[in-house]
Amino acid sequence: MWAVSAIRAAPSRAPGRCAHSALAQLRGILEEELEGIRGAGTWKSERVITSRQGPHIRVDGVSGEILNFCANNYLGLSSHPEVIQAGLKNLKEFGAGLSSVRFICGTQSIHKNLEAKIARFHQREDAILFPSCFDANAGLFEALLTQEDAVLSDELNHASIIDGIRLCKAHKFRYRHLDMADLEAKLKEAQKHRLRLVATDGAFSMDGDIAPLKEICQLASRYGALVFVDECHATGFLGATGRGTDELLGVRDQVTIINSTLGKALGGASGGYTTGPGPLVSLLRQRARPYLFSNSLPPAIVGCASKALDMLMEDNSIVQSITAKTQRFRSQMQAAGFTISGVNHPICPVMLGDARLASSMADDMLKRGIFVIGFSYPVVPKGKARIRVQISAVHSEEDIDRCVKAHSDERDL
């Protein structure tokens with residue numbers, strides 16, 4: 001009895017004090033992490049835009065119009081009047097949102113129509129919408145692949161592909177960036193598995209280089225593999241009619257699965273999708289967790305994306321426009337002595353190497369009226385910091401020439 005009383009009488013720490021101590025510990029850990037980011041020169045600040053997205057914008061704290069050279073607004077449709085009007089029309093007719101996931105009461109006719117339009121655009125059997133392409137990548141691999149299968153991924157694939165692959169139970173192989181000999185070696189190693197899926201970005205967003213899809217598809221055919229391509233930085237503007245890297249490289253009938261976004265060239269709002277074989281899309285509707293547990297894409301976004309696709313399918317001259325402007329910027333910058341990564345892609349990384357230099361140069365460019373952002377680790381490998389310039393079809397030749405001159409003037413200081 002005495003022992004029990006003694007135990008009961010033992011002093012205890014007050015719950016509030018424990019919680020306060022845990023919070024203080026957390027703050028200390030977080031501040032140490034944040035200070036490490038600042039000390040490495042990789043701190044990312046968010047500039048506040050006070051206007052619509054476009055080639056000319058206004059930025060909080062900066063007087064006058066600023067030339068924007070860092071948006072994924074490849075076709076310049078983010079603020080196009082017809083795209084905006086289509087969004088407003090859907091907003092009025094179908095409401096602000098569904099307050100539901102798709103399989104409960106969140107599927108409207110506009111969702112089915114957009115999915116059918118995406119499938120036609122890519123010449124695939126079916127398509128399924130997701131809140132973003134990050135969600136499409138998060139949902140695909142886990143639903144499709146089991147421990148009997150294998151997935152082979154380019155080492156520089158987008159973070160969303162990497163994270164999506166981590167979620168699945170398939171055997172994982174990583175091949176060196178664009179290295180077909182290494183991919184072939186990994187395919188040989190993966191022959192014992194049921195399904196083999198080669199996963200690659202079509203265009204790599206940090207370097208502006210393009211996957212060798214012809215060679216990838218040849219290897220896939222030789223070793224009985226399927227090919228998945230993330231086309232976020234290709235859909236709408238690569239290829240003769242903007243269908244993407246599979247069109248650009250002549251392998252549209254050899255790529256099995258395409259994931260892409262509505263948040264870049266196709267209106268710039270949000271949303272992603274998977275398009276491919278009908279049974280795969282049906283399986284994703286049953287098993288893809290981001291689809292099953294996320295609200296439906298808002299009607300306004302559906303309207304904007306649908307109109308953007310209509311405009312592109314009716315007239316693809318805008319594709320030729322961005323190609324010419326990309327070549328103008330790249331050739332002038334190279335003539336000025338800059339190293340530009342990638343090949344003939346509107347993503348034009350100006351390679352600087354040093355993270356602090358990339359960050360400070362981007363800040364100084366803003367003072368010259370040019371909005372660009374420095375990229376450094378962990379977004380890109382250490383020692384490969386750069387300013388990523390992105391060309392849009394709505395940039396004028398004068399805009400591009402001014403951007404080149406600002407880079408040259410800043411370097412020559």
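Along the sequence shown, the residues carry numbers beginning at 1.
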Check [Y] with [X], please: is the shortest side-chain N to carboxylate O separation under 4.0 Å?
X: D207; Y: K384; result: no
X: R124; Y: D246; result: yes
X: D364; Y: K367; result: yes
X: K117; Y: D310; result: yes
X: E115; Y: K112; result: yes
X: E410; Y: R368; result: yes
X: R287; Y: E142; result: no
X: E65; Y: R58; result: no
X: D409; Y: R402; result: no
X: D154; Y: R174; result: no

S296: which residues meet the side chain to side chain contact (heavy atoms under 4.5 Å, CB included) condition with it, sequence neighbours left out?
L98, R102, H111
Restricting to side chain to side chain donor-acceptor pair (under 3.5 Å), what partner residues turn up for [X], sequence neighbours left out?
X: D354; answer: none
X: R252; answer: none
X: H80; answer: none
X: S341; answer: none

Considering non-hydrogen atoms only, spot the tightest contact between [X] and [Y] and give its length.
X: H345; Y: R330; result: O-NE, 3.1 Å
X: S205; Y: H158; result: OG-CD2, 4.2 Å
X: I110; Y: V302; result: O-CG1, 3.5 Å
X: H193; Y: A150; result: CD2-CB, 3.6 Å

Just checking, any donor-acceptor pair under 3.5 angstrom between side chains of N259 and D230?
no
[X] [atom1]: over 12 foreign heavy atoms closer than 6.0 Å:
X: R411; atom1: CZ; answer: yes
X: R27; atom1: CZ; answer: no
X: E155; atom1: CD; answer: yes
X: K44; atom1: NZ; answer: yes
X: R194; atom1: CZ; answer: yes

Working to the nearest 0.5 Å, report the span between [atom1] of [X] and [atom2] of [Y].
X: L226; Y: S221; atom1: CG; atom2: OG; value: 11.0 Å
X: D315; Y: T241; atom1: CG; atom2: OG1; value: 11.5 Å
X: Q53; Y: I57; atom1: CD; atom2: CD1; value: 6.0 Å
X: Y273; Y: I258; atom1: OH; atom2: CD1; value: 7.5 Å

Take the angle between the ring planes of F141 and F228 and call it parallel below 30°, perpendicular above 60°, tilted in between.
perpendicular
Any side-chain hydrogen bond (donor to acceptor under 3.5 Å, both in side chains) involving residues 231-240? Give me the pairs, sequence neighbours left out, ordered by first then second residue.
Y74-H233, E231-T245, T235-S260
Taking the six-membered ring of Y223 as reference, does the NZ or CZ atom of R196 fall below 6.0 Å from its centre and within a 45° cone about the axis?
no
Cation-pi check, K382 to Y377: give yes when NZ or CZ is under 6.0 Å from the six-membered ring centre and within 45° of the ring axis, no otherwise.
yes
